[in-house]
Amino acid sequence: MTSKLLAVLFPALISIPAFSQQRSADTIYMDGMVLTGAHLHPDDPASTPGQVTALAISGGKLVAIGNDVEVLQWKGPNTRVMDLHGAFVMPGFNDAHVHMADAGQQKLSIDLDAVPSLAAMLQVVEKYAATRTAGSWLRGGGWDHTLWPGKQLPTRQALDRVTGGRPCFLWRTDGHMAVANTAALAAAGITAETADPKGAKIDRDAKGEPTGILRETAATNLVLTKIPPPSSEERHKALDVAIVDVLSHGVTSVQDFSEWEDFLVLESMERSGTLKIRFSEWLDFTLPLATLESRRASHPANDPLLHLGMLKGFMDGSLGSRTAAMVEPYADDPGNSGIPRFDQTKLNQMSSERAAAGFQLGFHAIGDRANGIALDALGTSEQVAVAPDTSRSGKPGSDPASSMVVAPSPSTPYAPRFRIEHAQVLLPGDFARFATEHVIASMQPSHLLTDMNWASARLGPKRSAYAYAWKSFLDQGVTLAFGTDYPVESINPFRGLYSAVTRKNEAGTKTFHPEQALTLNQALYAYTQASAYADFAERVRGRLEPGYFADFIVLDRDITAVMPRDLLGTRVLKTVVNGEVVFDATNTGPGR
């Protein structure tokens, strides 16, 4: 492309004013096809062009964008100039919902992701068990019985045949159900006489004996509390494995729910300079308020690489485990309406208390009943919500180049940005409630790729019309933020984009309510800028403009110009965070 044509297409360089006579960038990327993120939303008032060819970076932030000739004005004697050779570049994905520690631990233990049958699952378990010492615990997860012929749940007796007497505990892919073998149940003291814990269920056979299936936290915790926790070294290794996976798929920041001990490991990684991805770490909503406040005070709120985010609470379970709380029973299980996890009065009280202390609230809610419970609590809490105190680390201003945006400018009222995670099935009138209560719908479009195999049978035709209803949220003016729920689904954001724009399975043979499909621009916005907004970081993440972090990815194709099916094959060539190349497909892992 000639410089004259570039000047016509991009007549003005957009940059941060230089504070010295000689402007100099650390790195310049040129000759690219750069999607800035501007105008993905139809109401975007920015003067920024939607596409440029070059970026200039200094101190981990973008200082200029525009055409090659103009951006090269930032070239100094020590500036590295990188030729993109026409490659497609876009903002890094902000995954609004992940479980990083679980993902890494699953990869390092018994990884049952996508095993095609119970027999295949048992083969994997048996092979792993043979490498472990007698008496040691066998852990893992990722199995999904809905993918198996017959869809029959595993049992303790089946595991007993391949575990050699070692206690074994294996999560279902959704994290809301697990199977334990006889030795693990014995270690937990679970027998035919053990009552179902409140908000949970122990499956039993015709004789009343436990089958090994445990549904929801209060039941799974009976076993989990008997398993030795991972060491700091094991946690570090698991997080390393997950981070490499995430970066290789073009995700530059994650909003994560792992354990407090994992956050402490992340802090140590940040101190050593080895943390190469942005983390917003969630805290457990049910912890005492004093504990939450103490933990929040332990780390700077405006740390742009690692900070503590919202409080996460669980209203119900999952559709796959039939523990999502529904107003009416499941169509394929008429005696079951799921398991609600909270009493409304108690939830309202706890929510208001935490909102008044300046915490962002986010509630896992799958079923229509659970979403109603969550909306009631968040609506009540919005009336008392206050902005968090960031004075201990310096209150961020309204400058777009400020480190984080965790408080309003003086002219803007505080919005608590409460969230509902998943929001999979709603009553028809509750879409408008999201809007009136100013609640963000934090959803995972890749869930539909798995769930459409059985969602209609679970829900029936009437409820299915209001399930995974992304467009209905946007039609009501609700902020829609996207993620993956990794490792429940692959971290790969291109699967999510494909699901969002097609509502088809990956084979292209089945469609689920196509009227709820989004445009690619809408899906990209939800996966970048809206997810950054959900984390109070929309002024520094999700776009490629001066003042924003230099977090972007280089792809093997222009995803705005391919057929939807070709989204699935998209490969990430480079991932850049804070101006540093942290993944390069020509290497085997993170690199320069």
Side-chain angles (χ1 to χ4, degrees), residues 97 99 102 171-178 190 194-203 213-225 257-259 282-289 291-292 310-330 333 335-355 359-381 418-427 430 433-434 437 439 441-444 447 458-459 463 467 485 488:
H97 189 120
H99 305 271
D102 288 347
W171 286 107
R172 186 183 183 274
T173 184
D174 59 8
H176 290 273
M177 183 163 70
I190 298 174
T194 304
D196 287 346
K198 184 178 179 181
K201 186 175 183 291
I202 300 169
D203 282 16
I213 292 293
L214 306 171
R215 301 175 190 258
E216 295 306 326
T217 303
T220 55
N221 273 352
L222 296 175
V223 177
L224 284 176
T225 55
F257 189 48
S258 295
E259 295 182 352
W282 300 340
L283 295 172
D284 183 349
F285 171 82
T286 64
L287 289 172
L289 181 59
T291 300
L292 294 170
M310 75 178 195
L311 306 185
K312 184 182 180 185
F314 288 85
M315 301 300 102
D316 65 347
S318 73
L319 284 178
S321 296
R322 293 194 184 89
T323 55
M326 310 299 296
V327 172
E328 297 178 359
Y330 286 91
D333 190 4
N336 176 22
S337 298
I339 304 175
R341 299 270 289 267
F342 267 100
D343 168 77
Q344 187 76 66
T345 301
K346 177 65 173 176
L347 178 65
N348 290 356
Q349 180 266 320
M350 293 178 67
S351 301
S352 296
E353 179 184 56
R354 285 151 177 75
F359 285 101
Q360 182 190 25
L361 306 179
F363 291 153
H364 164 116
I366 300 282
D368 49 16
R369 181 181 177 189
N371 276 281
I373 291 170
L375 286 167
D376 285 347
L378 296 178
T380 299
S381 303
F418 293 153
R419 303 164 51 158
I420 291 182
E421 304 299 310
H422 310 306
Q424 283 183 1
V425 187
L426 264 66
L427 296 175
D430 280 348
R433 290 188 64 195
F434 267 78
E437 305 293 357
V439 175
S442 174
M443 304 180 75
Q444 302 76 41
H447 274 315
R458 291 274 196 282
L459 299 172
R463 283 184 298 200
D485 205 10
V488 176

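- Here F363 and F285 bring their ring centres to under 6.0 angstrom of each other.
- Here the CD1 atom belonging to I202 is positioned 5.0 Å from the CD1 atom belonging to I190, to the nearest 0.5 angstrom.
- Under the 30°/60° scheme for interplanar angles, the aromatic rings of H422 and H447 are found to stand perpendicular.
- Sparse packing is recorded around CD of E328, with 12 or fewer heavy atoms of other residues, nucleotides or ligands lying under 6.0 Å away.
- In this structure the side chain of L361 reaches within 4.5 angstrom of the side chain of R354, judged on heavy atoms.
- Salt-bridge check for E421 with K312: failed, with every basic side-chain N at 4.0 Å or more from each acidic carboxylate O.
- A distance of 9.0 Å separates CG of L224 from CG of L214, quoted to the nearest 0.5 Å.
- Note: S381 OG to Q349 CD = 10.0 Å, rounded to the nearest 0.5 Å.
- A side-chain donor-acceptor contact under 3.5 Å links R458 to the backbone of L319.
- Of the inter-residue distances, the one linking L427 atom CG with D368 atom CG reads 4.5 Å to the nearest 0.5 angstrom.
- Contact between Y330 and G338 at its shortest, heavy atoms only, is CE1-N, 3.7 Å.
- A distance of 8.0 Å separates CD1 of I366 from CG of N371, quoted to the nearest 0.5 Å.
- In R369, the CZ atom is not crowded: 12 or fewer heavy atoms of neighbouring residues, nucleotides or ligands sit closer than 6.0 Å.
- Donor-acceptor pairing under 3.5 Å is recorded for the side chains of R341 and T217.
- A distance of 13.0 Å separates CZ in F359 from CE in M310, rounded to the nearest 0.5 Å.
- The shortest side-chain heavy-atom distance between F434 and L426 falls under the 4.5 Å cut-off.
- For the pair M315 and L347, the minimum side-chain heavy-atom distance is below 4.5 Å.
- Closest non-hydrogen pair, T286 versus F342, comes out as CG2-CZ, 4.0 Å.
- Contact annotation: the side chain of E437 never approaches that of L378 to less than 4.5 Å [non-hydrogen atoms, C-beta and beyond].
- Evaluated for a ring-ring contact (aromatic ring centres under 6.0 Å, His included) with H364, the options H99, H176, H97 yield exactly one hit, H176.
- The existence of a salt bridge linking D376 and R433 is confirmed by a sub-4.0 Å separation between a basic side-chain nitrogen and an acidic carboxylate oxygen.
- A heavy-atom distance below 4.5 Å is found between the side chains of V425 and M326.
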